[in-house]
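First the structure, in the form of structure tokens, and then the observations on it.
Note that the numbering runs from 1 along the sequence shown for the chain.
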Amino acid sequence: MRNEGRTRAEVLAELETRLGDDLTYASGRILGSMISAPHPFAEDVYRRYLEKNVGDPGLFPATAAIEEEAVGMLGSLLSHPGARGNVVSGGNEANLLALWAAREERASRGRRVIVPSTAHCSYDKAGRLLGLEIVHVGLDSAFRLDIDAVRAALDERTIALVGVAGSTDLGAVDPIEELSALALEHDLHLHVDAAFGGFVLPFLAELGLPAPAFDFALPGVSTITIDPHKMGLGVQPAGAILFRTASLQEHVRVEIPYLAGGRTTQTTVTGTRPGAAVLAVWAMMRHLGRAGYRDVVRRCLDLTRHLAARVREIDGVELAAEPILNIVGIRPTAVAVEVLGERLRRRGWALGQFPTHLRVVLLPHLSAREIEPFLADLARFARPGG
């Protein structure tokens, strides 16, 4: 740090220069992220309330009350308006809280948690932090958690199951209904990771599409992760963890005696939390409502179908799986996936890359205008001499 400061104009000019290498959502080149540009209204709300710290509800009781309303709206979206929970920093924290509650609730039984091989890396992080044994099991032919493999992996030390509703690699939805039955049969905590799918799956039936069961309507579901900063169009960071019951949430409650607002308790990992992000989540759900989010999902799925149809026409690539959500896996058949990924990145396309395929996520910031030049590059570079 220099002794003498610089003017605001100088600092802003330096930032503009130094951030020039960062991609922007407005460029249309970000195709592989699961996070979209925040809605302009969410940005406006966030800027207005930057000083709010929802981690100190004594100082900001109105913000804390609005967080409860936001959780209620999220719960309603997931078939349980009475769910308890918090808006948190994202899926990593939400998944950690879910497994923390599962561990405390069944502490005398063991520490094994069964997850699909497609589970997000946050479960391995949570396992290391909480001293849990994370058991990865395989997938079925539809790239979903293999329920028979789960049954084979169960033992007396198992305390929890995890099902993913919108997997990171292909957007697959695990057989949550069957996991719910297993959880009830064996008295297990069932956590559903709907970080991405939580703002998509509830609208499929309303759009006349197959809608796999995944939420609190299934009696065995204990906790759900949902990320408003993905398809919810909130600002970053804004994930959420929902608990079926208040008693389950109590397992992660910690007393805080020293805050300026007075003695309180917290049920999150982070203490200080941006109230502005919470207020933006609440404001977006109030602003768009079900109908608005349904329209967002419809537009994203229309673009998904368009991309999938065009990929089928290109020599040298194929769909890794039929899309269920607005996620398309593209598998090269003439060159290695690493080669195709590198060629496309050199052209400025930011894609998700997995061992077998590239991932495109059709988020609200994208349109056919950006997809067409990508398809042209894909057709060119999918060939061995491209």
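- Sequence neighbours left out, the pairs with a member in residues 326-347 that pass side-chain hydrogen bond (donor to acceptor under 3.5 Å, both in side chains) are E318-R331, R345-Q353, R347-D377.
- Counting heavy atoms from C-beta outward, Q266 and L259 have side chains that approach closer than 4.5 Å.
- With R111 contributing its side chain and L130 its backbone, the two residues share a donor-acceptor pair below 3.5 Å.
- Heavy atoms from other residues, nucleotides or ligands lying under 6.0 Å from CG of D22 number more than 12.
- With a 6.0 Å radius and a threshold of 12 heavy atoms from other residues, nucleotides or ligands, E177 has its CD atom at or below the threshold.
- The shortest distance between side-chain heavy atoms of I327 and R359 falls below 4.5 Å.
- Using cut-offs of 30° and 60° on the angle between ring planes, the pair F203 and Y293 is parallel.
- Looking at T63 and Y49, their side chains never come closer than 4.5 Å, going by heavy atoms from C-beta outward.
- Across Y46 and L50, no two heavy atoms sit closer than the pair CE2-CD2, 3.4 Å.
- Note: the hydrophobic cluster containing I224 also contains L161 (ILVMFWY, side chain heavy atoms under 4.5 Å, direct or indirect links).
- Heavy atoms of other residues, nucleotides or ligands lying less than 6.0 angstrom from CZ of R109 number more than 12.
- For the pair P228 and A240, the tightest heavy-atom approach, listed with the atom from each and the gap, is CD-N, 4.0 Å.
- With D174 contributing its side chain and R144 its backbone, the two residues share no donor-acceptor pair below 3.5 Å.
- For CD of E16, the number of neighbouring non-hydrogen atoms (other residues, nucleotides, ligands) closer than 6.0 Å is 12 at most.
- D146 places no side-chain N or O within donor-acceptor distance of the main-chain N or O of G138, the cut-off being under 3.5 Å.
- Looking at V311, L307, V360 one by one, the single match for side-chain contact (heavy atoms from CB on, under 4.5 Å) with L378 turns out to be V311.
- At least one donor-acceptor pair closer than 3.5 Å links the side chain of E93 to the backbone N or O of S89.
- D155 places a side-chain N or O within 3.5 Å of a backbone atom of T158 that can act as its donor or acceptor partner.
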Exercise answer: donor-acceptor pairs, residues 379-386 side-chain atoms, under 3.5 Å, sequence neighbours excluded:
| residue | atom | partner | partner atom | Å |
| --- | --- | --- | --- | --- |
| R383 | NH1 | A379 | O | 3.1 |

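- Judged by distance alone, the side chains of T267 and N86 do bring a donor and an acceptor atom under 3.5 Å apart.
- Looking at R286 and E69, no side-chain N of the basic residue comes within less than 4.0 Å of a carboxylate O on the acidic one, giving no salt bridge.
- Counted by atom type alone, R244 and S222 present zero donor-acceptor pairs between their side chains at under 3.5 Å.
- Residue R112 qualifies as enclosed at atom CZ: its count of foreign heavy atoms under 6.0 Å is above 12.
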Exercise for the section: In sequence, state the C-alpha distance, the side-chain angles, and the governing distance for R305 and D302, and then conclude on salt bridge (Lys or Arg N to Asp or Glu O under 4.0 Å). Expected result: CA-CA 5 Å; R305 286 188 286 270; D302 285 347; 2.5 Å; yes
Exercise for the section: For R48 and D44, run salt bridge (Lys or Arg N to Asp or Glu O under 4.0 Å): C-alpha distance rounded to whole Å, both residues' side-chain angles, the deciding distance at 0.1 Å, then the answer. Expected result: CA-CA 6 Å; R48 289 170 183 260; D44 183 37; 3.2 Å; yes
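- Linking Ile, Leu, Val, Met, Phe, Trp and Tyr residues whenever their side-chain heavy atoms come within less than 4.5 Å places L97 and I159 in a single cluster.
- Looking only at distances, a side-chain donor or acceptor of H365 sits under 3.5 Å from a matching main-chain atom of I30.
- Contact detail for A280 and A42: the closest heavy-atom pair is CB-O, 3.7 Å.
- Nearest heavy atom pair, residue G220 against residue L190, reads O-CB, 3.3 Å.
- Checked by atom type and distance alone, the side chain of H229 pairs as donor or acceptor with a backbone atom of A238 at under 3.5 Å.
- Within the 3.5 Å criterion, the main-chain N or O of V278 finds no donor-acceptor partner in the side chain of R273.
- Under a 3.5 Å cut-off, the side chain of R103 and the backbone N or O of L132 do not form any donor-acceptor pair.
- Between the S180 side chain and the I176 main chain, no donor and acceptor come within less than 3.5 Å of each other.
- For R312, the CZ atom counts as densely surrounded, since its 6.0 Å shell holds more than 12 non-hydrogen atoms of other residues, nucleotides or ligands.
- Across E43 and P38, no two heavy atoms sit closer than the pair OE2-CG, 3.4 Å.
- Heavy-atom minimum distance, I134 versus D124: CG2-OD1, 4.0 Å.
- Both V88 and V252 are members of a single hydrophobic cluster when ILVMFWY side chains are connected at heavy-atom separations under 4.5 Å.
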Practice task
Show your reasoning for whether side chain to side chain donor-acceptor pair (under 3.5 Å) applies to T118 and D169.
Solution key: CA-CA 7 Å; T118 50; D169 57 348; 5.1 Å; no
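- The CG atom of L366 sits 7.0 Å away from atom OG of S36, with the distance rounded to the nearest 0.5 Å.
- In this structure, D227 and F199 have side chains that are not in contact, with every pair of non-hydrogen atoms separated by 4.5 Å or more.
- To the nearest 0.5 angstrom, E206 atom CD is 4.0 Å from R290 atom CZ.
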Exercise for the section: Give the C-alpha distance, both sets of side-chain angles, the deciding distance and a yes or no for side chain to side chain donor-acceptor pair (under 3.5 Å) between H136 and S117. Expected result: CA-CA 5 Å; H136 296 263; S117 60; over 6 Å; no
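- For the 3.5 Å distance criterion, the side chains of T223 and H191 qualify, holding a donor opposite an acceptor.
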